[in-house]
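In this text the structure is predicted, and so the values were computed from the model without any measurement. Heavy atoms only: backbone and side chains are in, while hydrogens, waters and symmetry mates are out. Chain letters run A, B, ... following the sequence lines, proteins first and then strands; every chain starts at 1.
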Amino acid sequence: MKRTHHCNELRPAHVGQTVTLSGWVHSRRDLGGVIFIDIRDREGRTQTVFDPSDLPADLFARAEKLRSECVVSVTGKVRGRPDGTNNAKIATGEVEVAVTALEVLNMADVLPFPVDDPEVAAKVNEELRLKYRYLDLRRPEMARNLRLRSKAAIATRQFMDEQGFLEVETPILFKSTPEGAREFLVPNRREPGTFYALPQSPQQFKQILMVGGVERYYQLARCFRDEDQRADRQLEFTQVDIEMSFIEREDIYALIEGLLKRVWKATLNADVPIPFKRLRFEEALNRYGADKPETRFEMQLADFTGEFRSSAFKVFSGAVASGGVVKALNAKGLAGATQGQIETMTEYARSFGAKGLAYIKVENGEWKSPIVKFFNDAEKQALIAKLGIEEGDLILFAADQWLNACEILGKIRLYCAEVLQSQGKLTIDPNRFDFLWVVDFPLLSFDKEQNRWYSSHHPFTAPVAEDVPLLKTEPKKVRGQHYDVVVNGVELGGGSIRIHQPDVQKTIFEDVLQIPPEETKLRFGYMLEAFRHGAPPHGGIALGFDRLCAILSGTPSIRDVIAFPKTAKGVDLMTDAPAPASARQLRELHIKSSDGKS
RNA sequence: GGGGGUGUAGCUCAAUUGGUUAGAGCGCUGCCCUGUCACGGCAGAGGUUACGGGUUCGAGCCCCGCCACUCCCGCCA
């Protein structure tokens, strides 16, 4: 037998038993006469003792040769530690195993980076961690993340099963639907010049499943998007994909609240209060400057459009005159912001097309600002009243079209919070989870360059029933039956009630989105046809499972909750994928590469 | 596609204004050590300063190029 107990199991109650532990050499302390070796497995670690007075010389000699991360199996007797030598840092710290037999299952080369010291290991260059991912995964932090992810997946499946959902797998080899994210194409060997595409999401299949009478579908679905990556975006990722028939928005809210409550309980033993708050899209932008508001701190935006409509400060009154708004934010206690910090904020504003960033520093009872000389008393009083201006505050302004002004200050709000946190002036409890729904999104957005409307979410989103008459007259005012679930400023997922009437869907495609009928037929014909054969009303949602796990694990990067993630350029540093294909493979696939490499 | 950051020993980092032989801790190797758990002590090895150019009497440091990683914008229906 290679193991009788795992390495986080032995307690004083086991004293006297003969046990066998298997695992990795976590650390070795060779005192010359006696050697202590901590054996580590995925559960924890246990100290073993090699005492030469009890051991054959050759066994002791082999123990002397062990080094970090060798794989061993040791047998010995559990005993209590001598007085004063307990180790309170580990769960097995009251006992040790007096070794009588050692089997070296495998030696290990010297490590490229340490895995035993959490503080050092956490700082190791990620490039190195990814190249030697198998070592990285041995670190307790990473092992914990994988375990958390597994627990979250199991809790999801149990909950969805209890709620009567069927897990249905949908194809990975799908058809290109050239709208939305760039897709990965897979050449078809059987017919030159034709391609599959990997799905960006199972969206169309899950709707078809509703037409197929499944009624309640879910899947932990792998999705693929060939877009540039971020800390929270990978080329391939997993979403909890859900679709239900005969429901309204409220049913989805209740389902997801129940699901997230279950997942948080199962993984962190945390109690998530439900129901979640709800914020209208417009309100989220007006108050937090984002459609995924971070609500764990206040610092809300205020509106001064009315107050500055006829201001002597032309930047503000001019913005209002051209249909824009004036918004402001009070970063309490940030009057001491450095020039560099102000510059960073100004860059945020510029990246949204603003010319600059107006601000007021309130220091020594004075308003220090290049613009305050343009303000009259009424304007100043309005600022004081609405923003609660006090000594030490930093006031920041955005004057622009509504969405832009909100988003500029939204970005700056988050940046200010970061700075205030680093200065110890703002504390955000890392164990606090602020869930909320963002609702009442506009169904459509206008693309100025192409002079046409496009779907804010996707073209299958149903309009709010009472807004349907506005579709052809005032598209801007039509609200979609769309909803996003947000936690701590992270968009965890989104979904909608779908259009199930073929005529409404056709109107959206052809009249509103102005996709030519023949193209509609080519791209979505099978869906429209399916909807003509008895499509139930339905709706659904997709949750970003990697993001969910990252939140649970308390890490900002989803790479830390994916066993084998890719770099920003889409490279797997361990396997070196992607790699050139052989000439023979290309020939079979009827592919000619134009880069000259193959 | 664009902007910012990083790259020095196996790992984490330092190196004054451009100035001697590029240092430290950990790790590694050897020796010593019977109660350590960040074991301790002594000694030692280990460097194309990512890479390619340039300026200079002299470059880890300045300039140009390039590569990798990373953060952000664009993009992500």
Side-chain angles (χ1 to χ4, degrees), chain A residues 26-38 40 45-55 60 67-69 81-90 92-93 96 98 109-132 135 177-183 200-201 203-204 223-235 237 340 343-344 347-348 350-353 407 411 414-415 443-445 447 453-461 480 482 491 494 496 508-509 513 515 523-524 544 556-557 559 566-569 571 573:
Chain A
H26 184 74
S27 67
R28 193 188 62 159
R29 296 174 295 280
D30 184 345
L31 274 61
V34 63
I35 303 174
F36 297 99
I37 290 181
D38 283 1
R40 186 199 70 242
R45 58 188 228 245
T46 302
Q47 173 166 285
T48 65
V49 190
F50 293 74
D51 189 331
S53 54
D54 310 332
L55 289 177
F60 193 78
R67 67 159 138 242
S68 287
E69 300 305 311
R81 296 192 183 192
D83 284 346
T85 62
N86 285 359
N87 184 355
K89 290 180 192 166
I90 57 176
T92 59
E96 61 189 12
D109 283 353
V110 174
L111 302 175
F113 60 87
V115 302
D116 59 334
D117 184 333
E119 283 185 29
V120 176
K123 284 168 71 182
V124 170
N125 188 348
E126 191 170 6
E127 202 173 342
L128 208 61
R129 290 174 48 207
L130 291 177
K131 181 170 180 189
Y132 300 96
L135 293 178
T177 53
E179 186 146 331
R182 188 180 297 124
E183 298 167 315
Q200 310 167 30
S201 105
Q203 179 66 32
Q204 294 174 45
C223 305
F224 306 85
R225 292 181 189 173
D226 186 10
E227 297 290 351
D228 286 345
Q229 316 204 44
R230 294 281 192 282
D232 61 351
R233 275 163 32 187
Q234 283 269 307
L235 296 181
F237 61 99
E343 187 53 36
T344 301
E347 277 308 312
Y348 279 131
R350 290 211 183 97
S351 73
F352 281 89
E407 287 187 332
K411 270 276 184 201
L414 293 177
Y415 176 75
L443 182 71
L444 302 159
S445 308
D447 184 334
W453 295 93
Y454 63 95
S455 301
S456 304
H457 182 46
H458 60 54
F460 314 114
T461 302
H482 174 67
E491 183 191 330
S496 61
I508 295 282
F509 281 145
L513 301 178
I515 302 172
R523 276 156 57 174
F524 305 110
S557 166
R559 292 188 297 273
K566 292 179 181 56
T567 68
K569 286 206 171 160
V571 173
L573 292 175

Contact class for A:Arg233 (heavy atom, under 4.0 Å): base, sugar-phosphate, or nothing?
base
Got a sec, which residues hit side chain to side chain donor-acceptor pair (under 3.5 Å) with A:Thr344, two or more places apart in sequence or on another chain?
none
With sequence neighbours excluded, residues passing salt bridge (charged side-chain N to carboxylate O under 4.0 Å, His left out) with A:Lys131
none
Applying ring-ring contact (aromatic ring centres under 6.0 Å, His included) to A:His26 and not counting sequence neighbours gives none
Looking at every strand, decide which applies to A:Gln203 at a 4.0 Å heavy-atom threshold: base, sugar-phosphate, or nothing.
base
For A:Lys566, side chain to side chain donor-acceptor pair (under 3.5 Å) partners two or more places apart:
A:Glu236
Roughly how many Å apart are B:rU6 and B:rA43, using the P atom of each and rounding to a whole number?
37 Å
Does A:Asp38 pair with A:Arg29 as a salt bridge, N-O distance under 4.0 Å?
yes
Protein N or O to nucleotides 35-40 of chain B N or O, pairs below 3.5 Å:
residue	atom	partner	partner atom	Å
B:rG35	O6	A:Arg79	NH2	3.0
B:rG35	N1	A:Glu96	OE2	2.9
B:rG35	N2	A:Glu96	OE1	2.4
B:rG35	N2	A:Glu96	OE2	3.2
B:rU36	O2	A:Arg29	NE	2.5
B:rU36	O2	A:Arg29	NH2	3.2
B:rU36	O2	A:Gln47	OE1	3.4
B:rU36	N3	A:Gln47	OE1	2.8
B:rU36	N3	A:Gln47	NE2	3.1
B:rU36	O4	A:Gln47	NE2	2.8
B:rU36	O4	A:Arg81	NH1	3.4
B:rC37	O4'	A:Arg29	NE	2.9
B:rC37	O2	A:Gln47	OE1	3.4
B:rC37	O2	A:Asn87	ND2	3.0
B:rC37	N3	A:Arg81	NH1	2.7
B:rC37	N4	A:Arg81	NH1	3.4
B:rC37	N4	A:Thr85	O	2.2
B:rA38	OP1	A:Lys89	NZ	3.4
B:rA38	OP2	A:Lys89	NZ	2.9
B:rC39	N4	A:Asp30	O	2.4

For A:Asp51, all residues meeting side chain to side chain contact (heavy atoms under 4.5 Å, CB included), sequence neighbours excluded:
A:Ser53, A:Asp54
Which atom pairs link the protein and nucleotides 65-68 of chain B when you take only N or O atoms and keep those under 3.5 Å?
residue	atom	partner	partner atom	Å
B:rA68	OP2	A:Lys569	NZ	2.9
B:rA68	O2'	A:Glu127	OE2	2.5

Please enumerate all protein N or O atoms sitting under 3.5 Å from an N or O of nucleotides 8-13 of chain B, with distances to 0.1 Å.
residue	atom	partner	partner atom	Å
B:rG10	O2'	A:Pro112	O	2.7
B:rU12	OP1	A:Asn125	N	2.7
B:rU12	O2'	A:Lys123	NZ	3.2

Hits for side chain to side chain donor-acceptor pair (under 3.5 Å) against A:Glu126, two or more places apart or cross-chain, chain-then-number order -> A:Arg559
Using a heavy-atom cut-off of 4.0 Å across all strands, would you classify A:Lys131 as base, sugar-phosphate, or nothing?
nothing
Going by ring-ring contact (aromatic ring centres under 6.0 Å, His included), name the residues that satisfy it together with A:Tyr415, two or more places apart in sequence or in a different chain.
A:Tyr348
Just jot down the ring-ring contact (aromatic ring centres under 6.0 Å, His included) partners of A:Phe460, sequence neighbours excluded, or say none.
A:His458, A:Phe524
Just compare B:rU29, B:rC71, B:rC72 and give me whichever is closest to any side-chain atom of A:Arg559.
B:rC71
List the residues meeting side chain to side chain donor-acceptor pair (under 3.5 Å) with A:Ser496, not counting sequence neighbours, and say none if there are none.
A:Thr461, A:Arg498
